[in-house]
S.K.: 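Structure provided below as structure tokens; questions to follow.
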Amino acid sequence: MKILVFVNHVPDTETKVKVGADGKTIDPAGINYMLSPYDEFAVEEGLKLREKFTGEAVVVSLGGEANKETLRKALAMGCDKAVLLKNASSHDSFAVARSLADFAKELSPDIILLGKQSIDYDNGQIGSLVAEMLGMPSISVVVKLEINDGAVVAEREIEGGHEIVHAKLPAVVMAQKGLNQPRYPSLKGIMDAKRKVIEERAVAPVASKIEVLTMRKPPAKNPGKIVGTDASAVPELVRLLHEEAKVI
Amino acid sequence: MKIIAFAEQRNNQFKKTAFEVVRAARTIADQLGAECNALVIGGNVSSIASQLGAYGASKVFVVDDAQLEYYSTTAYAKIVAEIARAESADMLFFPASAMGKDFAPRVAAKLDAGLAADCTALRVENGTVIATRPVYAGKAFVEVAVRSAIKLFTLRPNVFSAGTPAGSTAVVEKKESALGEADFGAVVKEIKIAGGKKDVAEADIIVSGGRGLKAPENFSMVEELAASLGAAVGASRAVVDAGWRPHDEQVGQTGKTVSPSLYIAVAISGAVQHLAGMSSSKYIVAINKDKDAPIFSIADYGIVGDAFEVVPTLTAELKKTLNR
Ligand SMILES: Cc1cc2nc3c(=O)[nH]c(=O)nc-3n(C[C@H](O)[C@H](O)[C@H](O)COP(=O)(O)OP(=O)(O)OC[C@H]3O[C@@H](n4cnc5c(N)ncnc54)[C@H](O)[C@@H]3O)c2cc1C
Ligand SMILES: Nc1ncnc2c1ncn2[C@@H]1O[C@H](COP(=O)(O)O)[C@@H](O)[C@H]1O
């Protein structure tokens, strides 16, 4: 089975966001980056499929030199091959999807695995865009995946429950937490990953379809009211919710 | 100019977001002097379509086809793109729900269009729609403009007001869909709904519990409080990872992003990743025994106290007040 996994390199979840000097992006100073959490589930699922069906798991990331760190992590977990699509880190979903789709076309994978959403711009678009560009079925927010003889049965989360979705390979599957438990890279994996060559490719520029005009922080919240220090504060809390906030 | 709002339904009942999306489309259409239409897709939906008039739709397109009783990302995308083209729509609005998020990008790809995802506000400036959307899980917001001929927006549920329904009915126009097997690349075969369980992503009130509850069975306290308010139960990642609660209840940066009118955090410390998912709630109540817990920094009301004592008292008081 030819498995393709998309991974994004994003500020870690502890990041305190500061708006940069351009007023449109974040200030990168002092930020640590990581493999986007949902993408880690995608990598794990790719490795499980390769173990079951044999074949090759290729991991690809579009961005700058720094994305190599995330690609190495995926290699250390066990991916066979890593490719960096060099691009000065675009956040435009359509443009990123176009480049990823073009690369995927060339590889013609049986399955494309990716995260349900990057935790930087929270777009959640790449999987569906790429699938449409390649004419493949797609399943998003997947918490369970079974593949037999090219038939895909997946469980995806919806409001208040799950949908059981059927499709045929080749298909695009977007991972949600719960799909699996990502493995830790083994020491050997880490050593091997250091030696592997990350293939680099230039990508043709694609025009953005979304223009970011400004970025700002949410308005600071006024400090709240401590209503009390034990259960005797409860009636006052209920009164406030009822009369002041009017939410109950 | 023409806007089409996709009105989501399940089991031939509109979701609340359907009304929110139609109303938002109407509001923007009025500012642009545009037409506001809606679109309903499903297996037996003709009878409900006219309801959307009360939320501002002038015309409602209906695609009613037994094959569409269950959702299919590929078939839905095809239908919406075809109607958008046939009607020369300038803008399409969708809910940023599990369904809207799943297929709206496919429509964007078909129409060579940009999609502003998960918008929390829309305004018109010099004839251009400017969308506000949270990034970094709500730690920042960007304002964006869509630069393509057709413009797509998904709107975060629970943020846009549906307004009060206002009597008028819409013209219902049936549209045919020539769907073949090839259009059903991915298809829902079965839906499992957890019996009567409210989802945090849709709930107007959420009561979430954290590790301070000490054991999974103590969540009954949270469940009872939630029941007294008709609220959904949420959870921090710590308790989801511990297996106390299912992950579909997790609120936060790697869980669900919620914007209820009331969020009650019980024995949750308020780590940045948790705050990221719930800080846009209208009112936040924190119950935590540590006065320095970061959750208090964003709470509107707090009780510094033992959850085991405060929560049952609160439930009893609410039952009394709300007569449930
Ligand atoms: C990549 C990544 C992603 C993450 N994503 C998320 C996410 O999406 N959502 C999320 O929630 N977390 C997320 N986290 C985890 C987050 O950092 C915290 O670990 C987690 O939110 C803590 O959960 P908690 O508040 O329940 O537990 P704790 O931090 O252990 O807090 C327990 C609280 O309970 C209080 N308490 C104890 N006993 C009582 C009592 N009797 N009465 C009242 N209060 C009491 C304590 O004072 C304390 O404040 C993520 C972390 C990482 C690294
Ligand atoms: N620059 C990128 N390079 C590779 N994969 C990406 C990139 N951006 C997003 N993805 C993948 O697409 C998924 C959804 O991202 P997004 O639509 O940006 O929220 C992510 O979880 C990644 O798997």
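We name chains A, B, ... by the order of the sequence lines, and we start the count at 1 in each one. None of the values given here were measured: they were computed from a predicted structure.
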S.K.: How many angstroms lie between CG in B:Leu152 and CZ in A:Phe94, if you round to the nearest 0.5 Å?
M.R.: 10.5 Å
S.K.: In Å and rounded to the nearest 0.5 Å, what is the CD to CG distance from B:Gln253 to A:Asp12?
M.R.: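 That separation rounds to 9.0 Å.
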S.K.: How far does CD of A:Gln176 sit from OG1 of B:Thr254, to the nearest 0.5 angstrom?
M.R.: 9.0 Å
S.K.: Non-hydrogen contacts under 4.5 angstrom with chain A: give the residues of residues 284-293 of chain B involved, or none if there are none.
M.R.: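 From residues 284-293 of chain B, the residues near chain A are B:Ile284, B:Val285.
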S.K.: Take atom NZ of A:Lys16 as the centre, draw a 6.0 Å sphere, and report whether it contains more than 12 heavy atoms from other residues, nucleotides or ligands.
M.R.: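 Result for NZ/A:Lys16: open.
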S.K.: What part of A:Arg98 lies closer than 4.5 angstrom to a heavy atom of chain B: side chain, backbone, both or neither?
M.R.: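 No part of it gets close to chain B.
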S.K.: Going through the checks in order, is the side-chain contact (heavy atoms from CB on, under 4.5 Å) test met by B:Asp102 and A:Val141?
M.R.: CA-CA 8 Å; B:Asp102 184 65; A:Val141 210; over 6 Å; no
S.K.: What part of B:Asp248 lies closer than 4.5 angstrom to a heavy atom of chain A: side chain, backbone, both or neither?
M.R.: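 Both backbone and side chain of B:Asp248 come within 4.5 Å of chain A.
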S.K.: Under a 4.5 Å heavy-atom cut-off, does chain A meet the side chain of B:Lys198, its backbone, both or neither?
M.R.: neither
S.K.: Among A:Asn222, A:Val19, A:Thr229, which has the most heavy-atom pairs under 4.5 Å with chain B?
M.R.: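 Highest number of pairs under 4.5 Å: A:Thr229.
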S.K.: Mind ranking A:Met136, A:Arg216, A:Glu236 by heavy-atom pairs under 4.5 Å with chain B and telling me who comes out on top?
M.R.: A:Arg216
S.K.: For each of B:Asp112, B:Val146, B:Val107, tally heavy-atom pairs with chain A at distances under 4.5 Å, and name the one with the top tally.
M.R.: B:Asp112
S.K.: Looking at OG1 of B:Thr313 and CG of A:Leu237, how far apart are the two atoms once the value is rounded to the nearest 0.5 Å?
M.R.: 11.0 Å
S.K.: What verdict does the side-chain contact (heavy atoms from CB on, under 4.5 Å) test give for B:Met99 and A:Ile158, after you've listed the backbone C-alpha separation in whole Å, the side-chain angles of each residue and the deciding distance to 0.1 Å?
M.R.: CA-CA 8 Å; B:Met99 186 188 284; A:Ile158 59 166; over 6 Å; no
S.K.: Go through the atoms of B:Glu202 and report whether side chain, backbone, both or neither lie under 4.5 Å from a heavy atom of chain A.
M.R.: side chain
S.K.: Which atoms form the tightest heavy-atom contact between B:Pro105 and A:Ser128, and what is the distance?
M.R.: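 Reported closest heavy-atom pair: CB-CB, 3.6 Å.
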S.K.: Report yes or no: does A:Arg156 contribute a side-chain atom to a donor-acceptor pair with the main-chain N or O of B:Ala98 at less than 3.5 Å?
M.R.: yes
S.K.: What are the two closest non-hydrogen atoms of A:Val165 and B:Ala186, and how far apart are they?
M.R.: CG1-CB, 4.0 Å
S.K.: Considering only heavy atoms from C-beta outward, does the side chain of A:Ser93 approach that of B:Leu115 to under 4.5 Å?
M.R.: no
S.K.: Can you tell me which portion of B:Lys151 sits under 4.5 Å from chain A's heavy atoms? Options are side chain, backbone, both or neither.
M.R.: neither
S.K.: Does any backbone or side-chain atom of B:Ala299 lie under 4.5 Å from a heavy atom of chain A? Answer side chain, backbone, both or neither.
M.R.: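 For B:Ala299, the contact with chain A is made by the backbone alone.
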S.K.: What heavy-atom pair brings B:Ala108 and A:Leu129 nearest, and what distance separates the two atoms?
M.R.: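 It is CB-CD2, 4.4 Å.
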S.K.: Heavy atoms only: give me the nearest B:Arg106-A:Pro137 pair and the separation to one decimal.
M.R.: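 So the two residues come closest at NH1-C, 3.8 Å.
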S.K.: For the candidates B:Ile303, B:Ile191, B:Val272, which exhibits the highest count of non-hydrogen atom pairs separated by less than 4.5 Å from chain A?
M.R.: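 Most heavy-atom pairs under 4.5 Å with chain A: B:Ile303.
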S.K.: Just checking A:Lys144: does its NZ atom have more than 12 heavy atoms from other residues, nucleotides or ligands closer to it than 6.0 angstrom?
M.R.: no
S.K.: Going through the distances and angles, do A:Thr13 and B:Gln273 end up as a side chain to side chain donor-acceptor pair (under 3.5 Å)?
M.R.: CA-CA 6 Å; A:Thr13 56; B:Gln273 296 95 346; 2.8 Å; yes
S.K.: So which heavy atom on A:Lys217 is nearest to which on B:Lys139, and how close?
M.R.: CD-O, 3.8 Å
S.K.: Under 4.5 Å from any heavy atom of chain A, what part of B:Tyr283 do you find: side chain, backbone, both or neither?
M.R.: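 When you check distances to chain A, only side chain atoms of B:Tyr283 fall under 4.5 Å.
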S.K.: Just give me the residue among B:Ser97, B:Ala113, B:Gly305 that pairs up with chain A most often, heavy atom to heavy atom, under 4.5 Å.
M.R.: B:Ala113
S.K.: Quick one: does B:Arg133's side chain have a donor or acceptor within less than 3.5 Å of a partner on A:Tyr121's backbone?
M.R.: yes
S.K.: Taking every non-hydrogen pair under 4.5 Å, which of A:Val17, A:Val227, A:Asp230, A:Ile210 racks up the most with chain B?
M.R.: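 When all of A:Val17, A:Val227, A:Asp230, A:Ile210 are compared, A:Ile210 has the most.
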S.K.: Nearest 0.5 Å, what's the CD-CG distance between A:Glu157 and B:Asp199?
M.R.: 8.0 Å
S.K.: side-chain contact (heavy atoms from CB on, under 4.5 Å) between B:Lys101 and A:Ser140: does it pass, once the steps are laid out?
M.R.: CA-CA 9 Å; B:Lys101 283 192 206 166; A:Ser140 60; over 6 Å; no
S.K.: Using 0.5 Å steps for rounding, measure from the CD atom of A:Glu163 to the CD1 atom of B:Ile193.
M.R.: 8.0 Å
S.K.: Does any backbone or side-chain atom of A:Pro235 lie under 4.5 Å from a heavy atom of chain B? Answer side chain, backbone, both or neither.
M.R.: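 The answer is both parts of A:Pro235.
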S.K.: Could you pull out the closest heavy-atom pair between A:Val212 and B:Val142, with the gap in Å?
M.R.: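 Nearest pair, atom of A:Val212 first, then B:Val142: CG1-CG1, 3.9 Å.
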S.K.: Under a 4.0 Å threshold between the charged nitrogen and the carboxylate oxygen, would A:Lys177 count as salt-bridged to B:Asp241?
M.R.: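 A:Lys177 and B:Asp241: salt-bridged.
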S.K.: Would you say B:Tyr136 and A:Asp122 make side-chain contact, with heavy atoms under 4.5 Å?
M.R.: no
S.K.: Flag the one option from A:Pro218, A:Ser118, A:Gly135 with the top tally of heavy-atom pairs under 4.5 Å to chain B.
M.R.: A:Pro218
S.K.: May I ask you to name which of A:Gly124, A:Pro37, A:Pro11 has the most heavy-atom pairs under 4.5 Å with chain B?
M.R.: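 When all of A:Gly124, A:Pro37, A:Pro11 are compared, A:Pro11 has the most.
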S.K.: May I ask you to decide whether B:Lys16 forms a salt bridge with A:Glu159, counting only side-chain N to carboxylate O separations under 4.0 Å?
M.R.: no
S.K.: Which residues from residues 238-248 of chain A are near chain B, with near meaning under 4.5 Å between non-hydrogen atoms?
M.R.: A:Val238, A:Leu240, A:Leu241, A:Glu244, A:Ala245, A:Val247, A:Ile248
S.K.: Is it the backbone or the side chain of A:Val10 that comes under 4.5 Å from a heavy atom of chain B, or both, or neither?
M.R.: neither
S.K.: Could you tell me which portion of B:Phe184 (side chain, backbone, both or neither) has an atom closer than 4.5 angstrom to a non-hydrogen atom of chain A?
M.R.: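 Neither part.
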S.K.: At a 4.5 Å cut-off on heavy atoms, which part of B:Ser280 comes close to chain A: side chain, backbone, both, or neither?
M.R.: neither
S.K.: Side-chain contact, heavy-atom cut-off 4.5 Å: B:Lys189 with A:Val153?
M.R.: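 No - every pair of side-chain heavy atoms lies 4.5 Å or more apart.
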S.K.: Pick from A:Met133, A:Gln125, A:Met215: which one has the most heavy-atom pairs with chain B under 4.5 Å?
M.R.: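 Maximum pair count with chain B is reached by A:Gln125.
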